[in-house]
Student: 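Quick one: structure below, then a few questions.
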Amino acid sequence: MKNTRFARTALVIAAGAMLATGLHITLADAAKDSKAGDGGKSLFAPPKVARDYWPTKDWKVKKPEELGMSSAKLKAVEDYAFTRVGPEAERRGIRTDGLVIIKNGYLVYEKYAGGFDKDRVHLTWSVSKSFTNALYGIAAKEGRLKIADPAFKYYKALDRGDHRKITIDHLLRMSSGLYSNETYEASPLKSTVNAMLFTTGHKDMAAYAASQDFEAPPGEKWEYASPTPNLLMAMLKNTMSAAEYDRYPWDKLFNVIGMKNAVWERDAAGTFVGSSYVFATPRDMAKFGYLFLNDGTWEGKRILPEGWVRYSTTLAPGYLKTKLDAEDRKDANYGALWWLNMGVPEMDLPPVYPDAPRDMFMALGHWSQMIFVIPSLDMVIAYTGDTREKSSFDRNRFLKMIIDSIGK
Amino acid sequence: MKKILKIALILLLVVIVGIGAWVAANWKDISAFLPMASGAYAKFMCSSIFVEGKTEEAARNWSLLSLPVSSCEIDYKNKTVTVKGLGRENTARYKGARFGCTVE
């Protein structure tokens with residue numbers, strides 16, 4: 001561990017710039033926590049391959065067999081994912097709208113349903129949170145902010161009492177300690193996500209986020225909270241002009257990786273809704289996953305700073321300190337605005353998708369919007385859907401079927 | 001017979017008072033919640049039609065809430081969706097190809 005820390009430190013010193021210092025602090029903190037087990041550990045290692053092209057313009061297509069995959073087995077995936085049951089208005093069972101599978105940098109499978117096609121964007125819900133993560137990586141690389149900075153530096157309403165102790169790092173790792181009640185349909189009256197998106201908080205979602213009181217000290221408790229990424233997106237707004245901010249996701253991310261049709265809705269205060277409102281095609285979602293698969297590089301250029309994907313896929317230290325409720329225990333583990341499949345033995349948590357590799361990380365949204373990034377298989381899976389009966393969709397089985405289509 | 005009626009009446013009163021007390025105790029949450037029906041439906045319909053390009057029928061199927069909506073007006077010229085429900089009204093407006101819809 002000392003060696004890795006030394007290596008990381010050396011790396012950061014080599015990078016030199018001020019902006020890397022913020023990252024370094026985070027990485028060193030993470031390394032320190034690794035005494036506790038998986039906390040502070042990332043299983044991320046990018047595929048060691050030289051890319052023969054980049055899909056900026058579009059994905060190149062290969063037959064599954066050209067990459068040692070089985071079309072027949074992918075057909076079985078299709079039968080599982082694309083068989084709709086019951087009348088449309090009842091919205092029962094698995095309701096896949098789009099599926100794109102990328103293997104070794106090539107598109108080997110795609111199919112659309114529900115009126116969607118390869119050019120039609122789909123609401124990604126909480127997959128948006130991982131886009132917020134990427135913009136923070138880019139902003140950190142530009143030196144606009146440091147991950148270890150206190151959040152109030154970028155958001156005046158947080159300049160009060162213990163709220164001053166919240167850092168950007170806490171927010172990215174869903175560990176601010178601010179009150180949250182993340183339910184949509186189960187307890188609609190008390191849900192902070194409903195209130196933020198549609199009622200009390202909808203005009204200025206960041207202000208709503210910042211107005212919450214603490215349920216735990218910052219950094220001490222992990223809790224998935226949709227207001228948090230909106231606070232981050234408002235803080236980002238305060239590091240640039242309004243015109244620059246409105247172009248920022250396109251100039252720095254979408255246009256760079258060729259997400260031509262991406263839509264990002266804003267609240268009435270003009271803040272991008274970082275929690276929920278990115279729209280994209282599955283092909284473009286796969287490009288986003290591919291950026292992370294390739295350690296934040298694209299066409300030979302570094303888009304996200306060195307170590308960013310590792311940071312994003314490091315188990316949040318606050319997660320380890322948290323006594324998860326039964327519902328949270330059924331979910332994946334958490335990094336920084338990305339979900340992880342690593343499993344946490346000391347918390348008696350097996351990987352949530354046991355038949356998929358432990359290094360898999362995911363962007364996951366309401367009603368089954370998903371990007372799966374699997375570095376060890378050099379694979380990205382992008383999925384859109386309208387699957388409201390969550391229990392009807394066995395994601396582990398779905399992933400196993402896809403992975404089983406890869407020949408030995 | 002009279003006794004049963006009396007008991008039923010008392011029970012009914014208890015239920016009414018109980019509901020009243022619950023509403024009073026939770027009024028802040030309830031009144032904050034009332035715009036949910038129109039706000040969510042307006043946003044869902046606006047994005048479904050103007051961003052995702054769904055047909056009106058597909059948009060309605062997708063946007064259907066368990067909350068009552070009394071009217072939904074889609075203005076294709078100005079690209080707005082105005083919805084009434086639970087005594088509140090909300091409008092979502094399409095802001096362009098990059099920015100999609102926002103509830104005003």
Side-chain angles (χ1 to χ4, degrees), chain A residues 87-91 95 97 114-117 119-124 181 184-185 187-203 205 208 246-250 254-255 260-273 276-281 367 384 386 388, chain B residues 22-23 25-69 79 81 83 85-104:
Chain A
E88 189 57 26
E90 284 182 19
R91 304 178 292 195
R95 297 164 53 76
D97 288 331
F116 287 88
D117 58 45
D119 298 314
R120 292 260 312 272
V121 297
H122 195 289
L123 177 57
T124 71
N181 180 350
Y184 287 87
E185 291 96 345
S187 160
L189 222 50
K190 303 278 185 191
S191 157
T192 47
V193 61
N194 277 344
M196 175 189 70
L197 290 177
F198 304 116
T199 65
T200 323
H202 85 267
K203 287 206 167 116
M205 299 187 192
Y208 178 78
D246 277 349
R247 291 196 313 267
Y248 197 76
W250 286 268
F254 296 150
N255 291 346
K260 287 172 287 286
N261 302 324
V263 176
W264 201 334
E265 293 178 334
R266 302 166 303 182
D267 65 11
T271 304
F272 289 109
V273 182
S276 316
Y277 289 159
V278 171
F279 293 71
T281 64
W367 297 335
T384 55
D386 183 29
R388 306 196 182 204
Chain B
W22 181 84
V23 169
N26 290 283
W27 182 244
K28 212 178 136 223
D29 286 335
I30 292 167
S31 75
F33 182 74
L34 292 177
M36 171 84 194
S38 53
Y41 197 76
K43 167 68 183 65
F44 285 4
M45 286 298 282
C46 185
S47 299
S48 292
I49 291 169
F50 298 117
V51 180
E52 293 184 328
K54 282 193 173 113
T55 63
E56 236 180 272
E57 193 200 350
R60 266 198 306 272
N61 274 340
W62 188 84
S63 305
L64 192 68
L65 299 163
S66 42
L67 299 168
V69 164
K79 297 192 171 175
V81 177
V83 174
L86 294 178
R88 299 287 193 278
E89 183 181 296
N90 265 300
T91 296
R93 182 179 298 275
Y94 180 72
K95 304 271 199 175
R98 284 186 172 185
F99 304 125
C101 294
T102 297
V103 181
E104 294 187 321

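In what follows, chains carry the letters A, B, and so on, assigned in the order in which the sequence lines appear, proteins first and then strands, with residues in each chain numbered from 1.
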Student: Got a second to check how far B/Leu64's CG is from A/Arg91's CZ, nearest 0.5 Å?
Tutor: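 The CG atom of B/Leu64 sits 5.0 Å away from the CZ atom of A/Arg91.
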
Student: Measure the CG-CZ distance between B/Leu65 and A/Phe198 for me, rounded to the nearest 0.5 Å.
Tutor: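 Separation between the atoms: 8.0 Å.
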
Student: Just wondering, do B/Lys43 and A/Glu265 contact through their side chains at under 4.5 Å, heavy atoms?
Tutor: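 With C-beta onward as the side chain, the pair touches.
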
Student: If you count heavy-atom pairs under 4.5 Å between each of A/Asp246, A/Val273, A/Asp267, A/Thr200 and chain B, which one has the most?
Tutor: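 Greatest number of close heavy-atom pairs with chain B: A/Asp246.
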
Student: Heavy-atom cut-off 4.5 Å, strictly under: side chain, backbone, both or neither for B/Ala40 against chain A?
Tutor: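 Interface part for B/Ala40: both.
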
Student: Could you tell me which non-hydrogen atom of B/Val51 sits nearest to which non-hydrogen atom of A/Phe279, and how far apart they are?
Tutor: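 So the two residues come closest at CG1-CD2, 3.6 Å.
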
Student: For chain A, find which of B/Pro35, B/Gly53, B/Ala37 contributes the most heavy-atom pairs closer than 4.5 angstrom.
Tutor: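 Of B/Pro35, B/Gly53, B/Ala37, B/Gly53 has the most heavy-atom pairs under 4.5 Å with chain A.
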
Student: As an exercise: rank B/Lys54, B/Met36, B/Glu57 by heavy-atom pairs under 4.5 Å with chain A and give me the winner.
Tutor: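 Looking at each of B/Lys54, B/Met36, B/Glu57 in turn, B/Met36 comes out on top.
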
Student: Please flag which part of A/Ala268 lies under 4.5 Å from any non-hydrogen atom of chain B: side chain, backbone, both or neither.
Tutor: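 Both parts, backbone and side chain.
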
Student: Side chain, backbone, both or neither: which part of B/Tyr41 has a non-hydrogen atom closer than 4.5 Å to chain A?
Tutor: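 When you check distances to chain A, no heavy atom of B/Tyr41 falls under 4.5 Å.
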
Student: Among residues at least two apart in sequence or on other chains, which ones pass ring pair (Phe, Tyr, Trp, His ring centres under 6.0 Å) with A/Phe116?
Tutor: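 So A/Phe116 forms a ring pair (Phe, Tyr, Trp, His ring centres under 6.0 Å) with A/His122.
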
Student: Could you look at A/Phe254 and say if it's the side chain, the backbone, both or neither that has a heavy atom under 4.5 Å from chain B?
Tutor: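 Interface part for A/Phe254: neither.
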
Student: Of the backbone (N, CA, C, O) and the side chain (C-beta and beyond), which part of B/Ile30 lies under 4.5 Å from a heavy atom of chain A, both, or neither?
Tutor: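 Both the backbone and the side chain of B/Ile30 come within 4.5 Å of chain A.
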
Student: Without placing hydrogens or testing angles, list every side-chain donor-acceptor pair under 3.5 Å for residues 97-104 of chain B, not counting sequence neighbours.
Tutor:
| unit_1 | atom_1 | unit_2 | atom_2 | d |
| --- | --- | --- | --- | --- |
| B/Thr102 | OG1 | A/Arg266 | O | 2.7 |
| B/Glu104 | OE2 | B/Arg93 | NE | 2.5 |

Student: Could you have a look at A/Glu88, A/His202, A/Glu90 and say which one has the most heavy-atom pairs with chain B under 4.5 angstrom?
Tutor: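 Max contact count across the listed options: A/His202.
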
Student: Assess A/Arg388 against B/Trp62: is NZ or CZ under 6.0 Å from the centre of the six-membered ring, and within 45 degrees of the ring's axis?
Tutor: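 Geometry flag: set, cation within 6.0 Å and 45°.
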
